[in-house]
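The model shown is predicted, which means the values in this text are computed figures rather than measured ones. Chain naming here is simple, since letters A, B, ... match the order of the sequence lines and numbering starts at 1 in each.
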Amino acid sequence: MEPKYNPEVIERKWQFFWEKEEIFKVELDNAKSKYYLLEMFPYPSGRIHMGHVRNYCIGDVVARFRMSQGFNVLHPMGWDAFGMPAENAAIKHGSHPAVWTINNIKEMRRQLKRIGLSYDWSREIATCHPEYYRWEQWLFIRMMERGLVYRKKSIVNYCEPCATVLANEQVEDGQCWRCGTNVIQREQDGWFFKITAYAQELLEKCDELSGWPEKVLTMQRNWIGRSEGARILFQLENSDDSIEVFTTRPDTLYGATFMSLAPEHPLCLKLSRGTSQEAAVQKFVNEALTQDWQTRVGENAEKKGVFLGAYCLNPLTGRRMPIYSANFVLFDYGTGAVMAVPAHDQRDFEFARKYGLDIVVVIQPDGEILNAGSMTEAYVDEGFLVNSGEFDGTDNISAKRSVSQKLESMGRGGLTINYRIRDWGISRQRYWGAPIPIIHCENCGIVPAPDDQLPVVLPTDIDFPASGRSPLPELDWWVNVTCPKCGIPAKRETDTMDTFVESSWYFDRYTCPRFDGGILNPKELGYWVPVDQYIGGIEHAILHLLYSRFFTKALRDLGIKSQDEPFRNLLTQGMVIKDGAKMSKSKGNVVDPEELIDKYGCDTVRLFCLFAAPPERDLEWTSEGVEGAARFLNRVWNLVYLFKDLHFPKHISDQSDIARSIRRLTHKTLKKVTDDINNRFRFNTAIAAIMEFSNELGKISPRDTMASNDLTEAVYSAVRSLVFMLSPFTPHFAEELWENLGGKSGMTRIAWPTYDEAFLVEDSLLIIVQVNGKKRSEINVPVDATEDQIKQMALAELNVQKFIEGKTIRKMIVVPGKLLNIVVG
RNA sequence: GCCUGAGUGGUGGAAUUGGUAGACACAAGGGACUUAAAAUCCCUUGAGGCUUGUCCUCGUGACGGUUCGAGUCCGUCCUCAGGCACCA
């Protein structure tokens with residue numbers, strides 16, 4: 001055994017060993033319990049960063065621990081390989097997105113391998129691979145057949161020079177993030193996934209996700225945004241057409257005095273046409289649509305509107321309600337039209353005051369008379385209906401139902417549930433994404449690519465234009481095809497899919513990554529899913545996790561999956577922070593993982609990542625802390641070196657108190673570490689316990705063991721337990737020590753040590769003695785001491801007597817094995 | 001504004017079910033070794049007090065409450081972080 005810890009040599013040695021022996025390769029085995037552990041796969045940006053390291057180290061501890069517990073652990077890794085940065089780099093450096101991506105994957109795979117993670121690399125997936133997106137295209141068509149995919153016109157952020165739709169997060173201050181041009185709102189055709197079909201189930205199933213952080217569930221519930229209310233039809237004056245609104249306050253319908261439409265609402269221009277308001281409305285709508293979002297609906301945005309020159313009729317009062325377009329009405333929510341009840345809605349109130357519109361009070365609170373003329377703000381709370389015809393006097397809560405029922409009987413609306421969540425627009429006018437497998441035919445319209453023509457391969461043998469535009473629409477040889485239905489010349493869809501589509505099902509594909517008989521191999525899928533533990537950043541709390549839940553439900557309804565939910569347990573790890581801020585290039589506080597590995601070895605880096613904070617909290621990076629982790633490993637190395645030649649005694653002839661206490665601490669630590677990893681994911685406290693254990697062992701010298709073979713046995717076992725407990729955290733370090741101690745290599749295949757309750761028994765107990773709840777003394781009592789004996793010993797304590805002298809003992813509270821509280825008065 | 005979290009020494013954090021507050025580590029100070037430094041090892045380290053003890057008082061964002069006993073439970077409030085936000 002080397003007298004000094006040399007991480008560079010041993011890390012290379014053990015990584016080679018694990019790879020050669022295929023230690024982490026797993027296969028379906030019905031005889032064994034499976035455990036599917038997954039960390040969110042990375043975007044191949046080129047270099048791994050500390051956030052990745054932290055995420056994957058946390059996962060690796062769990063994986064190795066479960067392996068040692070005898071589970072058949074599926075622990076895969078892959079690449080979320082489509083996306084804009086590849087195109088961006090291509091424009092900047094003149095490389096091809098595919099080449100850039102493949103090189104990045106190569107580099108990052110090399111970096112990940114240096115951390116010594118327990119992945120089954122034989123299952124590696126890159127989502128840009130045609131054999132991956134082939135099945136995504138297949139699924140797209142199946143979903144289309146079930147009505148879960150459709151095409152519609154919608155209003156999107158659009159950058160003209162770049163010729164693409166931009167996601168909201170790609171618009172900065174109203175400008176394109178890449179070219180700086182003002183983004184415009186443009187109506188455009190696009191493909192949508194009907195996630196709203198599952199809105200209710202996605203919401204309800206949140207209650208069953210007991211292994212998810214409450215925080216994430218709350219965010220998802222808010223995002224889905226269910227609200228109960230009514231839909232109401234307002235007939236247009238001099239027309240048979242109606243405007244439909246959604247409201248949560250049908251009880252205030254008698255007080256609706258005007259109507260507000262979102263500027264995007266098609267009726268704005270239609271109704272004002274030919275009226276004296278036509279020009280004003282055009283100007284207003286145009287302004288609202290070209291304005292950036294913050295200016296229009298931001299915190300300080302002014303509420304503005306314009307009369308359309310048209311009226312609709314209140315279905316219950318018959319009142320002529322002027323129709324306005326208002327900038328604060330969201331086209332995306334409800335129906336994009338709002339019945340305005342100024343007396344009972346603050347926005348409508350302000351709007352009515354500004355434009356001189358009628359305010360009619362229809363809800364009266366108890367003990368206060370509202371007067372429309374003197375109100376300074378809307379009354380939005382509960383009360384009784386007034387000015388509401390047959391409903392006068394009913395409380396407004398029950399009026400919600402009765403008013404809705406009346407509307408329903410009139411055919412003018414009824415109770416309904418509205419969701420905030422929108423359908424998922426997946427069309428991107430980008431090149432580097434999975435092609436949408438559709439053919440547009442003049443005769444047949446939209447025709448899916450036939451299954452036997454899948455995958456629709458993204459052409460890669462092309463020059464990538466410097467303009468940044470997708471080259472696909474210009475690629476005549478690719479775009480021009482014959483219609484699979486009627487055979488006439490037709491054109492391919494040139495939009496590609498949002499990259500969130502790939503990440504919505506990759507965890508299923510890991511169960512059978514090379515299967516070519518279908519999207520998923522039912523046998524493998526049935527054995528491995530659901531994911532038992534998913535680990536990743538909180539930034540995916542809504543999008544990725546919600547989309548994945550949606551896909552699992554869609555796959556279930558297609559008869560492919562049998563689970564309702566993809567991820568049984570979710571751990572959201574915190575960010576890596578340095579000098580109080582998230583590591584970023586712009587702040588100049590980035591720490592390069594590889595430099596650290598060069599300097600200290602990956603085991604030290606791993607140990608620090610796991611020790612400095614519990615996983616879900618942010619981790620403050622300090623170089624001193626890393627030094628500390630390295631020092632600890634050196635101390636353990638030296639300790640093991642010191643005791644490496646101890647032999648397990650043939651027979652034990654003596655009894656040693658030190659041996660007993662070492663044995664007790666060994667098993668106590670085993671219990672603590674097992675429990676912390678198993679049930680709590682508290683690696684920081686597990687490591688702290690190991691440190692304490694190691695500190696105690698450090699106090700024993702080899703000379704002590706010569707005198708007692710009882711102690712020899714205790715230390716022999718303690719040192720081996722110490723090394724084993726470190727194996728999930730610092731696996732190379734542990735394997736090397738284990739081997740030097742004569743152990744078998746491949747520790748994940750060796751059973752995790754169990755603790756023995758018999759060794760945990762203490763010789764004596766430390767009892768805290770309190771007087772009136774304040775600690776006044778502590779006493780050591782024999783384990784078998786009776787309550788009376790403990791009380792007598794406590795009362796005999798000098799410092800206790802000081803505080804009870806001259807007072808009456810009211811009672812004594814005994815917490816067995818821990819504490820005695822003497823209550824005096 | 002609403003919804004989540006969180007607030008403990010100089011710092012990161014611990015205290016798992018209401019029972020010794022500050023484990024473990026970092027930093028700092030002192031000492032040993034060394035010609036010296038680094039490394040390593042040992043000691044001290046929440047604040048305050050004097051009577052220097054198996055001592056006392058205070059102390060977990062603030063103020064109340066429940067309890068024999070509260071970092072932990074309840075109420076009110078403050079601060080910070082994250083999410084949502086004119087959602088009809």
How does protein contact run along nucleotides 24-30 of chain B, one letter per nucleotide 5' to 3', with B for base contact, S for sugar-phosphate only, - for none, heavy atoms under 4.0 Å?
BSSS---

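B:G18 sits 32 Å from B:C2 when the C1' atoms are compared, rounded to a whole Å. For the C1' atom pair drawn from B:U54 and B:C42, the interatomic distance equals 25 Å after rounding to whole Å. Going from the P atom of B:C55 to that of B:G19 covers 23 Å, rounded to whole Å. For the P atoms, the distance from B:G7 to B:C73 is 11 Å, rounded to whole Å.
The residue among A:Phe803 and A:Val815 whose nearest nucleotide of RNA chain B is located toward the 5' end is A:Val815.
Between A:Phe258 and A:Tyr324, the ring planes lie perpendicular to each other; the angle is over 60°, past the 30° to 60° tilted range.
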Distances under 3.5 Å between nitrogen or oxygen atoms of protein and nucleotides 6-8 of chain B:
none

Anything under 3.5 Å between a protein N or O and an N or O of nucleotides 63-74 of chain B, put it in a table, one pair a line.
residue : atom : partner  : partner atom : Å
B:C68   : O2'  : A:Asn821 : ND2          : 3.4
B:C68   : O2   : A:Asn821 : ND2          : 2.4

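Across B:C86, B:U54, B:A14, the shortest atom-to-atom separation from the side chain of A:Lys303 is found for B:C86. When the nucleotides B:G13, B:A15, B:U54 are ranked by their closest atom to the side chain of A:Thr685, B:A15 comes out on top. Closest to the side chain of A:Asp676, from the set B:U16, B:A14, B:C86, is B:U16. Out of B:G12, B:C3, B:A14, the shortest distance to the side chain of A:Glu620 is found at B:G12.
Checked against a 6.0 Å centroid threshold, the rings of A:Phe328 and A:Phe351 count as neighbours.
Side chain to side chain, A:Asp423 and A:Thr196 meet the donor-acceptor criterion of an N or O pair below 3.5 Å.
Checked by distance alone, A:Lys672 brings a side-chain donor or acceptor within 3.5 Å of a matching partner on the base of B:U16.
Using a 4.0 Å heavy-atom cutoff across all strands shown, A:Val341 reaches no nucleic acid atom at all.
In this structure B:U34 sits in no base pair that meets the Watson-Crick or G-U test at under 3.5 Å.
Look at A:Lys354 and A:Glu302 and you find a salt bridge, because one of the NZ, NE, NH1 or NH2 atoms lies within 4.0 Å of a carboxylate O, short of that distance.
Atom CD1 of A:Ile397 sits in a crowded spot, with more than 12 heavy atoms from other residues, nucleotides or ligands closer than 6.0 Å.
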